Structures are given as C-alpha cells and as structure tokens.
Amino acid sequence: MLEKTYQPAEIEPRIHGEWEKAEAFKAGRPDRQGDAAEPFTIVIPPPNVTGSLHMGHALNNTLQDVLCRFERMRGKDVLWQPGTDHAGIATQMVVERQMMERQEPDRRAIGRDTFVEKVWTWKEESGGVIINQLKRLGASCDWSRERFTMDEGLSRAVLKVFVELYRAGLIYKDKRLVNWDPKFQTAISDLEVVQVDSQGSFKWDRDSEEAFDAAALDKALARDPSGHMYHFRYPLTQKVDGYDKDYIVVATTRPETMLGDSGVAVHPEDERYAALLAAKATVTLPLVGREIPIVADEYSDPEKGTGAVKITPAHDFNDFEVGKRHNLEQINILDEIAQLNENAPEAYRGLDRFIARKRIVADMDAAGLLEKIEPTSHTVPHGDRSNVVIEPWLTDQWYVNAAELAKDAVKAVEDGRTRFVPKNWEKTYFEWMRNIQPWCISRQLWWGHQIPAWYGPDGQVFVATDEGEALAEALTHYVQNGTLTTERADEIARAGTADALLKRDEDVLDTWFSSGLWPFSTLGWPDETPELQRYYPTNVLVTGFDIIFFWVARMMMMGLHFMKEVPFHDVYIHALVRDEKGQKMSKSKGNVMDPLGVIDSFGADALRFTLSAMAAQGRDIKLSTQRVEGYRNFATKLWNAARFAEMNECVRKFDFDPAALDETLNKWIVGETERASAAVTTGLEAYKFNEAATAAYEFVWGIFCDWYLELIKPILNGDDEEAKAETRACVAWVLDQILKMLHPFMPFITEELWAHMVEHGEKRTSLLTLSQWPKLSELQNAEADAEIGWVVALISEIRSVRSEMNIPAGAKIPLVITGADKAARERADRHEDTIGRLARLDSISFDATAPKGAAMIVVGETTAAIPLEGVIDMEAERRRLAKEIGEAQGNLDKMDAKLANPNFVAKAKPEAVEETRERKAELEGIIKRLTAALRRLEAS
RNA sequence: GGGCACUUAGCUCAGCGGUAGAGCACUACCUUGACAUGGUAGGGGUCAGAGGUUCGAUCCCUCUAGUGCCCA
C-alpha cells in the first residue's frame with residue numbers, strides 16, 4: 001500500500017538508481033538501432049565546468065528533458081548529449097583563488113605546465129558539480145557519453161578547425177583594439193563585456209566664483225571613477241585669423257586618455273571651426289607638449305558639447321576608426337594592468353589609470369586649462385567576470401573572419417533549414433549575424449586550447465596541428481629562403497624538439513571556439529564515427545535568448561562550414577526566469593531562488609512541472625514558491641488518486657479494450673483520456689510546454705479526480721460484479737495513460753507509481769520511461785459525453801442550490817424530477833446512486849408537477865425540485881431564480897440582437913449563425929422553465 | 001537613437017475574430033472510507049486609452065500612454 005503522502009526526497013534517489021541500472025537513457029539501445037527507430041538528438045548547451053545549477057539551467061534542462069522523455073516514449077532513439085565546457089577565465093580564476101587562499105605560490109611562480117596540471121586536478125576533484133545537480137533535476141542525458149571541451153577528442157577537433165580555417169584565410173592575426181580586462185590581463189569578447197550605468201555628482205565651472213576643489217572631486221571619484229564629463233582647453237599651436245580664441249575646447253569622460261591623443265576632430269561643415277581647418281591648424285597637447293592636427297571628420301557631432309572631440313586612436317573604438325581615416329598616430333599609453341606606461345610623460349608613468357585621471361584633472365586646472373566638469377550619465381564597459389572597467393587596448397590577437405562564416409549561417413535560417421521558435425527571434429539572429437565583427441579568439445590565459453601556431457626567429461608564423469608538422473614546414477621555409485643550410489636543418493630535425501628554431505604562441509583559444517564545435521565534436525568528429533552519421537544534425541537546440549550569440553551563432557557557423565549541414569533543425573528560445581517581482585535573479589540583488597533548495601522542499605517533479613507550466617512562448621517566467629507549492633499539491637493529488645486505485649484493487653487486465661466498454665462512465669472517461677493525451681501531444685510537438693502541462697493538469701485533477709473517481713464510487717462499492725470489474729480495469733488503464741502523459745514533466749513520481757500499479761495481477765517490472773506514449777483514437781462517444789455531462793450538471797446545480805439555500809452539508813434531501821422525458825428518466829435511473837451520493841440526496845422520484853415550497857433546478861431540458869417546505873428560505877429562492885433568469889435573459893438578448901442584424905445572418909459563417917440559433921433556443925427553454933418555477937413559487 | 005516584447009480578476013499569468021479562463025489570495029460551509037498538500041459553493045474583470053477594419057474586436061491594423069529587455 002502506498003504511503004499516505006508523497007515523499008519526493010525518499011523516492012527520487014531510488015528512481016534515479018533504477019534508471020541508471022537499466023541504462024534507460026543510453027542512446028542506441030539494442031531495440032532502437034538502425035531502421036528500428038528514428039534518432040532524436042539534443043546536445044546540451046554545455047554548462048560551465050565551474051558552474052552550479054541556477055534557475056535558468058533548471059528551466060533550460062527541464063524543457064530539454066521533457067522533449068527527450070516524450071520522444072523516447074514515442075519510440076525514438078534519443079541521444080541527449082551531456083557535458084561541460086572548460087570556461088577559460090572562470091576556471092583559471094577559481095584555481096588561482098584557491099591557490100591564494102592556501103597561500104601557495106602564484107601561477108607565474110610555478111610555471112605553466114604545473115599550473116595547468118593543478119587545474120586538471122581541480123577539475124577532476126571539484127569540477128562539474130552541475131552534472132550531479134542536473135541528475136537531481138531528473139535530466140535523462142546519456143551520461144555514459146559525457147564530454148568536456150578539453151577532452152582529447154574535442155581538442156583534436158579544435159586543432160583541425162583552427163588549422164583549416166587558417167589555411168582558408170578565415171583565421172588571421174591582426175593588431176586591433178580589443179576589450180582588455182586589466183584584472184585577468186587578457187582580451188575578452190564583446191559578449192563578455194557588460195555595460196554599467198554611471199552617473200556622477202561633481203560639478204564645477206571656471207565661470208563660477210569658487211576655485212576648483214580637487215579634494216571634493218577625489219571624494220566623488222572614490223565612489224565611482226566614472227560619471228563625469230571633463231571639458232579641457234587645448235591651446236592652438238598658433239593663433240589663427242578668423243578664429244577668435246587661442247584654444248579649442250574638447251570633452252571627455254576619461255581624462256587620462258588625453259596623454260594618448262593624436263588629433264582633434266571637428267565636423268567638416270561646422271562653421272565655428274572652418275578657419276581652423278582652412279589654416280590646417282594644430283594644437284599643442286597640454287601636459288605632453290605634442291603638436292597634433294585638427295582634422296575634419298563627420299564622427300564629431302556639432303550638436304554635442306563644443307562640437308570638437310579629442311581623438312585617441314589607441315584607446316577608443318570610434319577614435320581608432322577616425323585615426324585610421326586621417327592617418328593619426330596610435331599611441332598606447334597603458335600597460336597590461338592599466339597603468340600608464342613609458343609613452344606617457346614621466347610624471348605619470350606607473351600610475352593606475354584612475355589615479356592618473358585625478359592627477360591630470362588637477363594638473364589641467366593648475367595650467368588654467370580646465371573649462372568645466374559636469375556630472376553625466378553614461379555606460380562604462382565592465383568585465384562580466386572580473387567586474388573591473390574594461391580598456392580598449394591595442395594588441396596583436398587572432399581573429400576569425402566571422403562575417404564570412406556568417407553568410408551561410410544567415411542563409412540557412414532564411415531558407416528555413418534552421419527554424420527559430422518562436423519565430424521572431426530570427427530577427428535578433430539576423431541583426432547580430434549581419435553586423436558581426438571579427439571574432440577575437442585569442443586569450444592571454446593558460447587554461448584552454450593553446451593556439452597551434454609557432455614562430456620562427458624572424459617572427460614568421462607556422463600553423464599546424466602539431467609541433468612536428470610546424471617544424472617540418474619551418475625547415476622547408478628557412479632552407480628555401482636561405483636562412484638555414486640543409487645540414488643545419490637536418491640537425492634540428494633530428495633533435496626531436498623544435499625548441500631550437502620555433503616558439504609556440506602562448507595564448508589559448510576562447511572557450512567558445514571549442515563550444516562552437518560541440519554539436520559534432522561530441523559525436524566524434526573529426527573521425528567519421530557511426531554516431532556522427534546517425535545523430536548529426538541534431539533536432540533542436542534549447543536555449544535562452546541571451547545566448548543566441550554565444551551558442552546558436554557559433555554552432556551555426558562552425559557546423560555549416562565543417563559539416564556542410566546545419567547543426568540543428570530547430571532552435572527553441574525560452575524565457576528568462578525572473579523573481580516574483582520580475583527582476584532578473586542575481587547574487588548581488590540577493591533574490592536568487594536556488595533550484596536545489598526548491599527540489600529539497602517540494603521535489604524535483606514540482607519544480608519541473610512549475611517551470612513547464614509557466615514556459616509560455618515569448619514571455620519571461622516570474623517564479624514564486626507559492627506556484628511551486630501548488631504543483632507539489634498536484635503531485636500529492638495524483639499520488640492519492642493512485643492510492644485510491646490501489647485500495648480498490650484497480651488492476652490492469654489482459655483483455656481490457658478501451659474501445660469495447662459497457663459502462664457509460666467508462667466510455668466517457670476513455671474519450672476524455674483520448675482528448676487529453678492528444679492535447680498534450682500536440683502541445684509538445686509545437687514546443688507549447690505550458691499548454692501541454694495545463695492540459696494534463698486539467699484532465700487529471702479537474703476530470704479524472706474530481707468527477708470520474710467520485711462518480712464510480714457507487715459502482716466500486718456496489719454489487720454489480722461485471723460493472724465493478726470493468727470499472728476497476730478502466731481506472732487502471734486511465735491511470736496508466738495519465739502516468740505516461742505526465743512522465744515527461746514529472747518523471748519521478750510517475751515512475752514510482754508505475755511500479756506500484758499492478759498489471760494483470762503481477763507487480764510491474766518494466767520502466768515507465770521506456771514505455772509507449774499514448775496513441776489513442778476512436779474512443780470518443782458523444783452519447784456517453786452527453787449523459788455524463790447531464791449528470792455532472794445536475795449534481796453541480798443541486799450542490800449550488802444547497803449551498804445558496806444554506807442546506808446543511810450533512811443533510812440528506814429528496815429530489816423530484818418533474819416533466820422528465822424518457823431519456824432523462826433513464827439517465828436518472830442509471831445514475832441514481834451516483835447522483836444521490838454526490839449531491840447528498842435521500843431519494844430521487846418523478847412527478848408531473850413540483851410540490852409546493854420547493855427549490856427549483858433547471859438543467860438543460862430537465863427540471864427538478866427540492867421539496868423542503870419550511871427548510872427553504874422562500875425569499876432567498878425567489879431571489880436566486882430571478883437572478884438566474886436575469887443572467888439567461890442577458891445572454892438571450894445578445895443572441896437576439898445578433899440574429900436581428902441582417903448583416904450577421906448574411907455574412908457570418910453559417911456555423912456561427914447556427915450556433916447562435918441553437919444557443920437562443922436553449923436559453924429560451926431555460927428561461928421558460930425558470931420562469932415557470934418562479935411563478936409557482938410566487939403562487940404558493 | 002535602433003530593435004523586440006508587454007499592459008486581461010487583488011497577485012502571477014493563459015487565451016484569442018463569435019458565451020472572458022486558470023493558479024494563488026479572498027468569503028462561507030465541510031475532518032463524507034484516496035487526498036485538509038483536501039472537498040463544495042461563491043464574490044471579483046468598460047481585457048491600458050483613442051481611433052480604424054469587420055456582420056461582429058480582448059484578439060487584426062494605426063496612434064497615444066506606461067512598463068520591460070536587447071543593441072548602439
């Protein structure tokens with residue numbers, strides 16, 4: 001016998017063990033190989049190896065799991081490919097922090113090889129906790145195939161891709177501005193930069209009475225170094241006729257960058273500066289003394305500030321472009337930790353950028369060149385992991401020509417080879433892909449795939465999959481150009497190391513370079529494996545919109561280029577999970593809801609069902625524990641329904657055929673079951689998770705538990721053995737269908753109940769997760785639907801009247817059905833016990849007219865009376881009837897108005913007109929009967 | 001500034017060219033042999049506002065107001 005309440009914490013680990021024991025989630029199960037089953041593949045968007053499960057993961061993986069379990073039950077050969085990525089910066093950071101805490105020497109002290117070894121040790125010991133958390137969520141991945149982006153095979157894929165793209169000219173080295181993270185001392189991609197709003201508070205103007213107060217500014221900048229616009233006077237090298245001042249005013253939010261200025265730009269049509277442009281005037285850069293040109297460029301906006309902007313090509317993305325157009329010098333004044341370097345005047349060298357900022361403002365004031373400072377609101381780029389201000393910095397980096405690779409990726413979506421669901425996300429995708437910038441793939445880290453590029457003594461680069469190949473190439477090259485003699489080359493070749501000639505590039509590749517290969521590298525590529533053959537392209541990628549650029553874009557580019565086929569047919573973009581107030585969950589706000597905590601309190605099934613039921617397309621999820629609690633209650637409800645079935649010996653029979661039943665109730669419920677399973681199936685096929693979940697919920701609670709189980713109690717307690725046997729078998733059958741249709745959402749409780757449901761008198765040993773998805777047809781029965789609908793309506797009406805008439809819940813009352821036709825009489829006879837039980841009646845009788853002092857009920861064409869003279873408050877009954885008549889009349893008026901409109905009758909769909917006529921007739925009947933009841937009441 | 005959404009019951013949200021729905025919350029009653037993590041009944045809505053299309057608009061179109069997100 002089942003326990004009285006459902007205890008998820010007890011059940012979940014055990015069920016998990018059973019799935020593992022049966023290897024239920026393994027792709028290519030013996031019965032599903034080859035033509036026996038269609039493959040269905042999802043690759044997990046690889047979580048970060050340092051990560052732990054947050055609500056976003058919980059949603060993302062719940063949806064993937066729902067799809068996988070659904071398709072697995074539909075007989076497909078499902079591969080849900082799990083794994084993690086190596087998360088370059090994040091992982092290196094975690095290990096370095098750990099070393100610091102243990103007061104061990106830092107990574108530079110122990111050297112690259114030892115450090116990388118340490119990271120591997122960390123990974124083996126503590127990496128991938130998220131994998132176990134995913135298991136707790138119930139994720140049915142093929143865990144035997146778990147992959148890691150730094151695995152041997154995946155690393156081989158990375159090398160091959162790099163070398164091939166290099167040889168195709170799609171990877172190249174370039175000196176450009178990158179987003180430099182001075183904390184981690186590495187380049188990061190645009191996507192790893194977050195814009196943070198800054199709004200300063202300090203204000204000063206040289207026209208004001210007071211002197212500039214450097215200490216006050218310091219104080220403001222201590223809170224936030226950004227948020228101010230500084231206006232400086234740059235003196236003209238020579239006075240120019242036709243221009244009334246001897247200086248030009250420029251504005252900047254980053255004063256320290258002035259040390260790297262190599263020009264001032266004004267708009268070519270800005271009258272104010274025409275004389276300066278005509279005279280090819282220059283300014284002398286204050287504090288530095290460099291003479292720099294004033295150039296005409298449309299980049300400067302005449303409407304903004306003075307219309308003149310300082311140009312610092314080496315420290316600003318826009319200025320970089322302006323500088324290129326005018327051939328301005330690129331002067332890098334910062335080192336890798338954002339301190340002023342030797343290109344700055346001596347007084348500033350070695351200063352941190354923000355110290356220098358304050359010093360420069362003070363020095364400009366001292367020189368009488370500070371015009372004003374005003375608070376401004378602007379966005380400042382920060383590293384998403386380091387949380388420090390990012391510097392645009394001029395370095396040599398490796399780039400992928402993303403614009404070229406993006407062409408095919410765009411086309412594939414235009415052609416519909418890959419489809420976005422919901423469709424509107426393709427706009428975001430197109431927008432991004434059509435404006436894609438060169439992708440900087442080198443990172444100045446030690447943890448990751450080291451770039452397979454070697455440099456000769458003259459800086460010549462040799463890109464190859466391994467050192468030997470690079471060396472061979474280099475030797476040929478240097479012998480050919482005469483740098484090396486053949487003898488010397490042979491000697492180097494024999495040494496077994498390239499050290500004498502080549503030096504390997506120290507940088508590693510962006511983590512996403514390897515993750516972009518995930519849909520095929522995990523299947524064994526570059527080897528031509530059977531898995532690759534069978535499971536690529538994958539069916540769907542499930543992800544949040546914020547990750548379109550990370551996952552979708554890169555996987556599309558790489559997949560199309562190397563596999564010549566899209567990596568996935570569908571991209572399902574789901575919502576973001578927010579807190580109950582609609583705010584993004586974040587650690588700093590302290591509003592994170594820990595999925596594992598939720599699982600502990602309510603069970604994984606409740607969390608999963610909540611996320612599924614709320615996953616409406618195109619809308620974010622505002623999650624509250626109350627909602628989870630509600631679905632936990634649903635699990636309990638299901639549990640108790642199963643318990644009821646068990647208590648009543650509802651066992652599945654060999655010969656049970658849902659299409660051949662005698663009892664109306666059973667005919668009705670199998671039809672409802674068919675409708676529900678069809679709704680769930682349709683919902684899941686269309687990625688409408690909320691519709692699927694709600695359809696199942698509605699059916700299980702609102703129909704099966706609320707009505708069917710209640711309605712059959714008289715049969716189960718009665719002495720019609722045949723009816724009892726059929727009903728028991730039917731309950732068992734419906735419950736089986738319920739467990740199946742709920743399984744994708746609530747795998748644990750359904751699997752547990754499945755095991756408890758005895759089948760043909762034997763304890764069941766097969767697993768639900770490998771059972772067959774309901775495929776029902778031709779179980780609808782209109783007569784049964786009408787009959788049970790009538791019973792349900794009658795019971796509801798009686799209950800309603802009882803409640804409104806304040807008839808005590810415990811009191812049993814008589815019911816007199818008046819004016820019943822043959823059908824109604826038969827129905828009432830057939831379901832006498834049921835109606836009596838659920839409406840708490842002591843008798844049902846028939847009479848031509850209603851007795852005096854009775855409450856009246858109208859259900860369709862049936863009129864019934866509750867004759868309780870003295871018990872019933874006649875005044876209340878009069879009010880109730882009048883109200884019901886009023887409501888019906890209101891509806892009738894609407895129908896009449898429609899039908900009175902000739903345009904409606906002429907132009908509306910015939911079905912709509914017919915429906916309106918039927919409704920009108922129905923309402924008229926109801927009003928007639930209710931009015932008759934009211935008259936009788938008034939007459940008595 | 002460019003783009004994408006959203007505005008429906010007290011709250012959170014479904015819905016969608018033809019009787020406005022759910023969960024939670026609320027009110028009243030009920031420990032009846034599966035379930036109080038429950039049952040029964042009930043109250044509560046000019047579907048943001050203004051136009052337009054249509055026989056008919058919460059739904060389609062336009063504008064307005066407000067909110068959120070992404071990208072500059």
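In what follows, chains carry the letters A, B, and so on, assigned in the order in which the sequence lines appear, proteins first and then strands, with residues in each chain numbered from 1. Please read these numbers as outputs of a predicted model, since none were measured by experiment.
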Exercise. Between B:G18 atom P and A:Met895 atom CE, what is the distance in whole Å?
Worked result: 12 Å

Exercise. B:C35 P sits how many Å from A:Phe704 CZ, rounded?
Worked result: 15 Å

Exercise. Looking at A:Trp733, is A:Arg728 sitting on its ring face, NZ or CZ under 6.0 Å from the six-membered ring centre and within 45 degrees of the normal?
Worked result: no

Problem set entry | Any side-chain donor near an acceptor of the partner, A:Tyr6 and A:Asp605, under 3.5 Å | yes

Exercise. Across the strands shown, which category fits A:Glu710 at heavy-atom distances under 4.0 angstrom: base, sugar-phosphate, nothing?
Worked result: base

Exercise. Side chain of A:Lys713, base of B:A34: donor and acceptor closer than 3.5 Å?
Worked result: yes

Could you list all N or O pairs between the protein and nucleotides 39-42 of chain B that sit under 3.5 Å apart?
residue	atom	partner	partner atom	Å
B:G39	OP1	A:Lys637	NZ	3.1
B:G39	OP1	A:Trp701	NE1	2.6
B:A41	O3'	A:Ser800	OG	3.4
B:A41	O2'	A:Ser803	OG	2.8
B:G42	OP1	A:Ser800	OG	3.0

Exercise. A:Tyr6 or A:Lys898: which one's nearest nucleotide on RNA chain B is closer to the 5' end?
Worked result: A:Lys898

Exercise. With sequence neighbours left out, what residues match A:Lys713 under side-chain hydrogen bond (donor to acceptor under 3.5 Å, both in side chains)?
Worked result: A:Glu710

Seminar exercise, completed: Closest to the side chain of A:Ala809, out of B:C30, B:G18, B:C35, is B:C30

Problem set entry | Out of B:C4, B:C55, B:A34, whichever nucleotide has its closest atom nearest the side chain of A:Leu709 | B:A34

For this session: Write out the stems for RNA chain B, ordered by first number and formatted as range with range, counting runs of at least 3 consecutive Watson-Crick or G-U wobble pairs under 3.5 Å.
Result: B:1-7 with B:65-71, B:10-13 with B:21-24, B:26-30 with B:38-42, B:48-52 with B:60-64

For this session: Report yes if at least one side-chain N or O of A:Lys894 is closer than 4.0 Å to OP1 or OP2 of B:G56; otherwise report no.
Result: no

Problem set entry | Distance in angstrom units between A:Met614 CE and B:U12 C1', rounded | 6 Å

For this session: Could you work out the separation of B:C60 and B:A22 based on their C1' atoms and round it to a whole Å?
Result: 26 Å

Exercise. A:Phe545 has a side chain; which of B:C69, B:G18, B:A34 sits nearest to it?
Worked result: B:C69

Exercise. Which part of the nucleic acid, if any, lies within contact of A:Gln626, taking any heavy atom under 4.0 Å across all strands shown: a base, the sugar-phosphate backbone alone, or nothing?
Worked result: sugar-phosphate

Exercise. What do the steps show when you test A:Phe420 against A:Trp425 for ring-ring contact (aromatic ring centres under 6.0 Å, His included), and what is the final call?
Worked result: CA-CA 6 Å; A:Phe420 277 83; A:Trp425 287 112; 8.5 Å; no

Exercise. If you measure from the C1' atom in B:U53 to the same atom in B:U62, how many Å do you get, rounded?
Worked result: 11 Å

For this session: Side chain of A:Asn690 only, please: which of B:C35, B:A14, B:C29 is the nearest?
Result: B:A14

Exercise. Which part of the nucleic acid does A:Arg837 contact within heavy-atom distance under 4.0 Å: base, sugar-phosphate only, or nothing?
Worked result: nothing

Exercise. Whole-Å distance between B:U27 C1' and A:Asn806 CG?
Worked result: 13 Å

Exercise. What integer distance in Å separates A:Arg627:CZ from B:A25:C1'?
Worked result: 13 Å

Exercise. Contact class for A:Asn891 vs. all strands (heavy atom < 4.0 Å): base, sugar-phosphate, or nothing?
Worked result: nothing

Exercise. With under 30° as parallel and over 60° as perpendicular, where do the rings of A:Phe609 and A:Phe745 fit, or are they tilted in between?
Worked result: perpendicular

Exercise. Rounded to whole angstrom units, what separation is found between the CG atom of A:Leu735 and the C1' atom of B:C35?
Worked result: 14 Å

For this session: Take atom CD of A:Glu797 as the centre, draw a 6.0 Å sphere, and report whether it contains more than 12 heavy atoms from other residues, nucleotides or ligands.
Result: yes

Problem set entry | Length of the CG-P vector between A:Leu711 and B:A34, whole Å | 14 Å

Exercise. For A:Glu431, does the CD atom sit with more than 12 other heavy atoms under 6.0 Å from it, leaving out its own atoms?
Worked result: no

Seminar exercise, completed: d(A:Asp384 CG, A:Ile390 CD1) to nearest 0.5 Å is 8.5 Å

For this session: May I have the distance from A:Met757 (atom CE) to B:A34 (atom C1'), rounded to whole angstrom?
Result: 11 Å

Problem set entry | Listed nucleotide nearest any side-chain atom of A:Phe904, set B:G15, B:A34, B:C55 | B:C55

Exercise. If only side-chain N and O atoms of A:Asn633 are considered, is one of them under 4.0 Å from the OP1 or OP2 phosphate oxygen of B:G38?
Worked result: yes

Exercise. Around A:Glu10, counting heavy atoms of other residues, nucleotides and ligands shown, do more than 12 lie under 6.0 Å from its CD?
Worked result: no

Exercise. Which nucleotide in the set B:G18, B:A34, B:C4 lies at the smallest distance from any side-chain heavy atom of A:Arg643?
Worked result: B:A34

Problem set entry | Rounded C1' spacing from B:A57 to B:G49 in Å | 15 Å

